[in-house]
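The block underneath contains the structure these notes are about, expressed in structure tokens.
We count residues from 1, following the sequence as given.
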Amino acid sequence: MIGRRGSVVIALAAAAVLALPLTAGAQQAPGPGLAVTTPSEALAAAGGVIDGVAEGAGDLREQVTGRDGTGRAATPYAPALTRDEAISLAEADPGLAAWVADHPIRRTTAELQEKDRRWKVAFVGGTADDEVVEAEVYVSDETGDIAEVRTGPQVAWMMARGYEGAFGRAVNRWRIWIPLSLVFLLVLLPITRPRHLLSWRTLDLLALLSFTVSWAWFNEGDIFTSVPLQYPPLLYLVARMAWITVRRARVRRATPDAPPAEGSGRAPGLPGWMPTWLLVTVLIVLMALRWGLNGLDSNVIDVGYAGVIGADLIVHGETPYGNFPSDCGQCDTYGPLNYLAYVPFEAAMPHTGKWDDLPAAHGAAVLFDGLTLLALLVLGWRLAGRRMGLTFAIAWAAFPFTAFTLSSNSNDALIAACVAWGLVLAPRPLGRGAMIGLGVAAKIAPAILVPLWARHPFPRRDPATGPRRLMAYVGGLALAALLTGWVLFLDGTDGIRAFWSRTVGYQADRESPFSIWGQYDGLRPVHMAVGVLVVLAALLVLRWPRRLDIVQWAAISAALLIGFELVLTHWFYLYIPWFLPLVILVVVPEWPDPDPQPNPPDGRLVAATRRILRRGPGSAAPAGGDA
């Protein structure tokens, strides 16, 4: 209530607003030098009057009640708790006690945050020269309740605190996540053939969904449980991709001397049971749900914010590297394609300079998602018809972690799009070289595939074509570099100098609690050994297996990408879509087994010996030979 004086002020304001249009209407017909007040001008004037009266009413209210516009006292706040009382309440929290029992505390500080009416109690450990804030407890000054407890990595990492909807908002709700998972299984599993459900394919699909267990703990802010739980499905998928590759290498259809025609072979079967019309319906519903959530209930994380800022810099003729604002200082860690991909959207919906709704980031995320979905649709259609294409597309659209990526408006689906279109263009060395080159120009991870993708993923018909294919592949890589690398030269050589340190250099030295390597320093030797194994594997597949079919090629690519992720110090659920198109190609279709390999041809010495034995001791020597 603002009292009688406030009511009088509001009444005067209302009278002034009503009088403005009446005054405008009472003017004489316009003559020379006489201006006419239009309705829009009248409304603008009325708005100015309202703003002035509202400001006066606020001042009057503050004078009468002693409170500001939020209803709180305008006078300096007098805390209800003392510093020692706040510390005592914080120390009594059981969650804090469990943490400090293993992390000795040197000193404790307490600071009153008047804006939020709560105390921030910090528990500091470490040494005198290298102090570490081990925990922070926020105590409500008015009630004495514990508002929030942050321990360990939660102090420095907001994403470790389990804030509701911090990534993806609505898609994190179980009533959305579980139906997506069920649709993923219902479409891909042979529901009408129950005996076929007990198969490796079923286990593969469940392994993909099992990241949900780790994700659930992450959403609770317990990263010391969520991080170890992310490794079993990663290790399982690496093992499965490796086993599929080895198994198919053992039973090649053709002999080394008689390779089959390129691209030949039986078409894969489809384990799903849905008719085409139902697959189309499911896909449309999924697309509407995903893109609707993106527009109505999603958020833009720092990755999307970085894309918009980088695009804005490029539009204004600056390289992104070394020119980012302080509120996103390390956001120039991505490749140039990442920022170029946002340019059309930033040009249409310019950046305001603030981390607001960022419509350009929403538009780019939807584009990346749509490009990946379209690539999988085309890929499956080429393999075995439209039902396979629709099934591939649904496998992407129903998988909850791709929806999580889309609703976080990150750039990770851009990597998936490059990989998926690389699969579509696999028979064309120039095309697949360009796509893997663009993937590397977006993020570092696809670089692990560059050696493998130099190989043709089909049995070779003519070995003489190998050099020509290799040159075409290198040409595709060069094309990708030309299309994106010019961004580094916008500031002369400054962008080139900053590029390496801001991308590869920063990622190599990055510290993060979102991997076992970041949580446990003692695992550093193991970490280095795993990294060496992944690099050796990427080089080994340059020669083995001797021939590759598309299944082996995709399986090895998936294993290498997942192996790269196993080495990362900072791993997150947004990286799952990187390898998902490859796994979909390998595990979703019912690939026929290669025919058993015939006995290999004899070597030269064995063949010569057999010819001599067939001729017998009395046979004449070949013409021109010695007796």
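- The side-chain hydrogen bond (donor to acceptor under 3.5 Å, both in side chains) test applied to Ser410 returns Asp412, not counting sequence neighbours.
- With hydrogens and angles ignored, the 3.5 Å screen pairs no side-chain donor or acceptor of Gln230 with any backbone N or O of Ser214.
- Partners of Arg193 by side-chain hydrogen bond (donor to acceptor under 3.5 Å, both in side chains), not counting sequence neighbours, listed by chain and number: Glu590.
- The salt bridge (charged side-chain N to carboxylate O under 4.0 Å, His left out) contacts involving residues 267-278 comprise nothing, where partners must be two or more places apart or lie in separate chains.
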Check residues 292-304 and write down every donor-acceptor pair under 3.5 Å in which the side-chain atom is one partner and the other belongs to a residue at least two apart or another chain.
residue, atom, partner, partner atom, Å
Asn294, OD1, His362, ND1, 3.2
Asn294, ND2, Leu406, O, 3.0
Asn294, ND2, Asn409, OD1, 2.8
Asp297, OD2, Arg173, NH2, 3.3
Ser298, OG, Asn294, O, 2.5
Ser298, OG, Asn409, ND2, 3.3
Asn299, OD1, Gly168, N, 2.9
Asn299, ND2, Ala166, O, 2.7

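- Residues forming a side-chain hydrogen bond (donor to acceptor under 3.5 Å, both in side chains) with Thr503 (at least two apart in sequence, or on another chain): none.
- Partners of Trp517 according to the ring-ring contact (aromatic ring centres under 6.0 Å, His included) rule, which considers only residues two or more places apart in sequence or in another chain, are His527.
- Every residue two or more places apart in sequence or in another chain that forms a side-chain hydrogen bond (donor to acceptor under 3.5 Å, both in side chains) with Thr402 is listed here: Arg290.
- Remark: Arg169 pairs with no residue by the salt bridge (charged side-chain N to carboxylate O under 4.0 Å, His left out) rule, at least two apart or across chains.
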List, one per line, each side-chain donor-acceptor pair under 3.5 Å for residues 554-564, sequence neighbours excluded.
residue, atom, partner, partner atom, Å
Ser557, OG, Trp453, NE1, 3.0
Ser557, OG, Trp553, O, 2.8

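- A ring-ring contact (aromatic ring centres under 6.0 Å, His included) check over residues 366-385, counting only residues at least two apart or in different chains, returns the pairs Tyr342-Phe368.
- Residues forming a side chain to side chain contact (heavy atoms under 4.5 Å, CB included) with Leu203 (at least two apart in sequence, or on another chain): Trp200, Tyr236.
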Can you give the donor-acceptor pairs under 3.5 Å from side chains of residues 390-397 to other protein atoms, not counting sequence neighbours?
residue, atom, partner, partner atom, Å
Thr391, OG1, Arg387, O, 2.7
Trp396, NE1, Asp369, OD1, 2.9

